[in-house]
Amino acid sequence: MASERYNPKEAEARWQSTWAERHIYETRNDDPRPKYYVLEMFPYPSGRIHMGHVRNYAMGDVVARYMRARGHNVLHPMGWDAFGLPAENAAIQNSINPREWTYQNIAAMRDQLKLMGLSIDWTREFATCDVDYYAQQQKLFLDLQKAGLAYRRKSRVNWDPVDNTVLANEQVIDGRGWRSGALVEQRELTQWFFRITAFNDDLLAALDGLDRWPEKVRIMQRNWIGRSEGMRVRFAINDRPPEGFDHIEVFTTRHDTLFGASFLAVSPDHPLATALAADRPDLADFIAECHRAGTSEEALETAEKHGFDTGLTVAHPIDKNLKLPVYVANFVLMGYGTGAIFGCPAHDQRDFDFATKYHLPIKPVVAPLEVIDTGAEFAAWIEQFSTGDEAYVDDGRLINSDFLDGMDVPAAKEAMAARLEAMTLNGHAQGVREVNYRLRDWGISRQRYWGCPIPVIHCPTCDIVPVPDADLPVELPHDVTFGRPGNPLDHHPTWKHVTCPKCGGAATRETDTMDTFVDSSWYFARFTAPWAKTPTEPDAANAWLPVDQYIGGIEHAILHLLYSRFFTRAMKATGHLDLDEPFAGLFTQGMVVHETYRLGTGQNGKWLSPAEIRLEEHDGKRSATLLSTGEPVEIGPIEKMSKSRRNTVDPSDIMDSYGADTARWFMLSDSPPDRDVIWTEEGVAGAFRFVQRVWRLVAETAPHLPAADSQAPAGQSDAADALRKAAHKALAAVGDSIGLLRFNVAVARMYELVNAIGAAASTPPGKDPLLDNALREALELLTRMMAPMMPHLAEECWATLGHENLVADSPWPEFDGSILVEDVIVLPVQVNGKKRGELTISSDASQGDVERAVMALDFVVRALGGNDPKKIVVVPKRIVNVVV
RNA sequence: GCGGACGUGGCGGAAUUGGUAGACGCAAGGGACUUAAAAUCCCUCGGAGGCAACUCCAUGUGGGUUCGAUUCCCACCGUCCGCACCA
């Protein structure tokens with residue numbers, strides 16, 4: 001008799017309210033079980049969840065439910081990264097308050113997330129725009145300021161002319177703003193910075209200990225921090241230096257090539273350039289020209305190296321008779337090292353290009369081993385510098401270099417460092433060893449409204465005054481207008497006008513707000529005690545942290561993940577918690593991608609959503625037509641789901657027609673979780689088929705099964721043994737796979753088990769009581785192992801199998817390894833490394849037994865043709881290879 | 001330019017980390033049930049040869065190590081990603 005189809009909509013709602021009523025996902029801080037903190041990167045409340053969220057939160061939920069079943073006290077919270085520009089843009093476009101817009105979006109998205117049936121402790125939910133949250137962030141800011149980790153300085157900053165705000169270095173991608181895509185300009189502004197560079201070495205060194213992070217992310221962070229060891233070298237200026245400049249300092253990692261120096265170059269922003277430009281209009285023009293060129297990728301790609309000969313010369317530190325010209329050059333960055341370099345054209349490509357252009361000497365000082373002492377070859381090698389266009393940057397031995405001659409590069413570096421340290425110039429060592437980093441301090445000031453106000457006051461007499469504790473939080477005013485460009489906080493009639501807490505005089509508030517990446521740099525700590533009247537309860541934070549498994553997109557490899565690592569250290573330094581690394585395990589999941597469809601070809605093609613088209617297949621060729629008119633539609637490449645490509649699928653639609661379990665299951669099957677998953681209608685349909693199939697199997701079989709607590713009858717049944725083995729093998733494999741986050745493999749193992757159960761269930765009930773018993777066991781194991789992935793269906797099956805309690809509350813089943821012990825095994829038998837047959841033999845057979853048995857197999861006899869084998873390789877319980 | 005990852009059927013992918021290549025799913029083809037459709041069930045499904053048991057080829061290409069290589073080593077080709085005038 002066919003049972004009714006499983007109705008996910010009805011069942012999912014029912015189980016979700018059961019879970020909520022019993023508060024089973026609420027986590028206590030005083031629970032004695034071992035802790036496990038699983039966290040997915042919290043969403044920005046854009047208004048609707050998208051498939052990327054579904055994938056992210058489905059994965060996290062599997063881990064959370066699995067670890068809960070394994071006996072852990074699991075913390076699995078959810079919140080909202082709720083400050084940021086989209087709210088202000090919406091405010092400008094739809095004349096709605098950013099606060100209202102944000103909280104409406106949160107409410108809508110929370111409803112959607114709840115439909116997914118996630119095992120989240122909603123009592124710990126917060127949004128970063130909640131006053132309770134950003135009030136604590138303001139306290140953190142002031143603590144950091146006291147500790148010297150937050151400071152203000154004037155600097156050249158990245159200005160996004162579209163978003164009208166400053167951006168951190170990490171937020172400039174290829175010279176463009178990470179959100180707006182606008183070409184970033186350089187401006188001089190006074191800004192607040194977090195001293196992330198105070199932890200340079202530690203942030204770098206600690207990467208080695210993050211062995212549960214993807215190697216890729218660690219490499220990206222290593223490169224971003226960019227440590228290089230070298231020397232700071234002083235060059236005395238000859239002739240008549242301008243007031244206040246008697247020397248120029250350069251940073252170099254190639255001090256071994258100092259004898260190959262042929263010029264010095266300083267950045268257009270170098271103080272010396274500025275000083276010289278004061279009475280040299282041609283130099284001032286040159287500098288202005290450099291600033292116009294910009295720093296975008298395109299600009300740099302095509303930018304030629306330009307230099308301006310200042311007419312000054314410096315003395316070579318060793319060979320004082322050698323005078324090197326000083327240029328101002330567009331390719332020298334003020335922000336790295338000292339803003340000045342020495343040019344060694346023979347061994348640096350950039351310097352080579354520059355020297356060629358300005359006809360400066362190119363003197364090789366490092367030669368490859370294979371040409372040294374070769375006469376003709378050496379002469380040819382030297383010759384290439386005058387005719388070729390390439391510098392020699394590889395290893396070798398020093399030549400033309402006085403006391404360094406004959407040394408290899410590391411030895412020459414060491415010798416030169418020692419020599420320069422011993423020499424003095426105007427009372428200073430001529431050179432000192434120095435380590436430089438690419439990483440800059442993190443500029444956090446944003447000239448925007450919808451962010452956490454920086455809690456300081458500017459007083460004409462007392463300068464910068466922190467807002468006193470009693471006056472915190474500095475709340476955002478509600479009555480703001482977005483009519484004109486610029487920062488609404490700045491335009492507000494009253495908000496910024498205050499009296500100075502120190503002197504009582506008239507003063508103004510800081511109107512800049514914090515970069516929203518500050519908000520997300522410590523939210524994981526706040527979840528451990530979101531009710532606290534301090535930023536954290538240190539005991540709770542120290543007990544829960546680090547996050548055991550963090551899951552999110554690779555796009556945060558540097559930004560959010562580096563900032564959070566810094567912030568954790570800063571919070572340790574200010575006593576809010578006591579650890580260095582916030583995320584012990586990190587997993588970066590792939591994107592959700594989908595085919596694209598266009599009406600018409602080329603640039604004019606109009607993007608169509610999957611709902612607007614019909615797909616067909618004839619003779620293996622797929623084609624698409626527009627549903628409304630039947631016009632042919634071009635099937636485009638598979639790309640990340642995006643609004644602009646219109647290739648999105650709304651999770652709510654999917655959950656409405658198939659249910660959350662189907663959506664979750666499909667997201668977890670097929671593709672490995674760190675790779676992109678292709679969303680297809682067929683794939684979802686397949687997942688839905690599986691849901692129905694499991695349900696049918698349970699619903700049709702359950703009424704005929706022995707009672708849940710019945711004892712296994714006596715006797716022996718091969719079918720029952722086989723089914724039990726299949727079930728317990730699957731149990732072990734599924735547990736292992738989930739532990740390794742290999743969800744697609746876990747899914748495949750469950751498909752196999754369902755196939756095995758389906759085959760066994762075709763035996764009429766009662767015919768083999770042992771098999772009936774094994775069927776119950778297999779179905780229960782299946783139900784419990786699929787519960788992390790399809791929690792609603794699992795509850796429904798669990799209840800149907802006669803259980804009163806919840807699967808969500810049940811422990812992970814015990815694996816019975818004893819039934820997998822075989823007394824007879826099947827060994828694959830190879831001849832010359834290729835499988836030719838099998839050998840069935842007792843599992844305790846000796847190597848000699850196996851060899852004798854193999855020699856009797858007819859395909860082995862045939863292959864040998866009467867000869868003795870050269871060798872027989874027996875890998876116990878694995879394989880046999882006969883070498884002929 | 002520097003750094004990294006990947007390359008297995010029509011497709012997504014699996015292969016106990018050196019041991020039966022292609023599990024599982026999707027698509028496709030054939031069949032059963034049905035008045036019909038949906039749903040469901042059964043069979044086939046890397047290539048070539050053979051009535052057949054079977055044989056040969058095959059994990060981007062070429063070499064190497066090994067009894068045995070998708071897995072390890074070398075070179076090359078291709079795709080994707082990150083960084084990039086960092087001295």
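Chain naming here is simple, since letters A, B, ... match the order of the sequence lines and numbering starts at 1 in each.
- Using cut-offs of 30° and 60° for the angle between ring planes, the A:Trp695 and A:Tyr6 rings count as tilted.
- Across the C1' atoms, B:A21 and B:A14 are found 10 Å apart, a figure rounded to whole Å.
- For B:A27, neither phosphate oxygen OP1 nor OP2 lies less than 4.0 angstrom from any side-chain nitrogen or oxygen of A:Thr680.
- Among pairs with a residue in residues 261-271 of chain A, those fulfilling side chain to side chain donor-acceptor pair (under 3.5 Å) read A:Asp269-A:His291, at least two apart in sequence or across chains.
- Within the structure, every side-chain polar atom (N or O) of A:Asn436 is placed at least 4.0 Å from both OP1 and OP2 of B:C86.
- Residue A:Asn744 is classed as a sugar-phosphate contact, given heavy-atom separations below 4.0 Å to backbone atoms only.
- Nucleotides B:C51 and B:A58 have their C1' atoms positioned 26 Å apart, rounded to a whole Å.
- Contact annotation: A:Arg693 side-chain N/O to B:U40 OP1/OP2 distance is not under 4.0 Å.
- The partner of B:G3 is B:C81, by the rule that a Watson-Crick or G-U pair needs both atom distances under 3.5 Å.
- For B:A5, the OP1/OP2 oxygens have no side-chain nitrogen or oxygen of A:Lys216 closer than 4.0 Å.
- Within the 4.0 Å cut-off from OP1 or OP2 of B:G25, at least one side-chain nitrogen or oxygen of A:Asn755 is found.
- Taking atom C1' in both B:A27 and B:G10, the straight-line distance is 8 Å, to the nearest Å.
- Checking B:A53 for Watson-Crick or G-U wobble geometry (two distances, each under 3.5 Å) identifies no partner in any strand.
- Closest to the side chain of A:Ile219, from the set B:G3, B:G13, B:A87, is B:G3.
- In this structure, A:Arg227 pairs ionically with A:Asp201, as a charged nitrogen and a carboxylate oxygen lie closer than 4.0 Å.
- Ring geometry for A:Tyr358 against A:Phe354 counts as tilted: the plane angle lies between 30° and 60°, on a 0 to 90° scale.
- With distances taken from any side-chain atom of A:Ala748 to the nucleotides B:G12, B:A23, B:G19, the minimum falls on B:A23.
- The phosphate of B:A27 (OP1 or OP2) has a side-chain N or O of A:Arg689 nearer than 4.0 angstrom.
- Look at B:G9: its glycosidic torsion is within 90° of 0, and that puts it in the syn range.
- Separating the P atom of B:G3 from that of B:G13 is a span of 28 Å, rounded to the nearest Å.
- To the nearest whole angstrom, the two P atoms, one in B:G19 and one in B:C76, are 28 Å apart.
- In this structure, a donor-acceptor pair under 3.5 Å is present between the side chains of A:Asp441 and A:Thr197.
- Checking B:A39, B:C26, B:U20 against the side-chain heavy atoms of A:Glu682 singles out B:C26 as nearest.
- Under the 4.0 Å criterion applied to side-chain N and carboxylate O atoms, A:Asp670 and A:Arg675 are not assigned as salt-bridge partners.
- The same atom, P, is picked in B:U70 and in B:U65; the two are 16 Å apart, to the nearest Å.
- Set against B:G3, B:G19, B:A87, the side chain of A:Leu333 has B:A87 as its closest nucleotide.
- Taking only side-chain nitrogens and oxygens, A:Lys834 comes nearer than 4.0 Å to OP1 or OP2 of B:C57.
- Comparing the P positions of B:C72 and B:U17 gives an interatomic distance of 13 Å, to the nearest angstrom.
- Nucleotide B:C72 is matched to B:G64 when pairs are restricted to Watson-Crick or G-U wobble geometry with both distances under 3.5 angstrom.
- Rounded to whole Å, the P atom of B:G60 lies 8 Å from the corresponding atom of B:U71.
- Nearer the 5' end of RNA chain B, as judged by each residue's closest nucleotide, is the contact made by A:Glu215, out of A:Val880 and A:Glu215.
- A close approach under 4.0 Å does not occur between any side-chain nitrogen or oxygen of A:Tyr751 and OP1 or OP2 of B:G25.
- The listed nucleotides are B:A87, B:U55, B:G19; the one nearest the side chain of A:Arg836 is B:U55.
- Each of A:Met334 and A:Gln830 was assigned the nucleotide of RNA chain B with the nearest heavy atom; the assignment lying further toward the 5' end belongs to A:Gln830.
- Across all strands shown, A:Thr252 has heavy atoms under 4.0 Å from sugar-phosphate atoms exclusively, and none from any base.
- Nearest to the side chain of A:Phe251, among B:A87, B:G13, B:G3, sits B:A87.
- The shortest distance between the side-chain N/O atoms of A:Arg438 and the OP1/OP2 oxygens of B:C2 is not below 4.0 Å.
- For CZ of A:Arg614, the number of neighbouring non-hydrogen atoms (other residues, nucleotides, ligands) closer than 6.0 Å is 12 at most.
- Partner assigned to B:A28 is B:U44, using Watson-Crick or G-U wobble distances below 3.5 angstrom.
- Put simply, A:Arg749 has no side-chain N or O that comes within less than 4.0 Å of OP1 or OP2 on B:G25.
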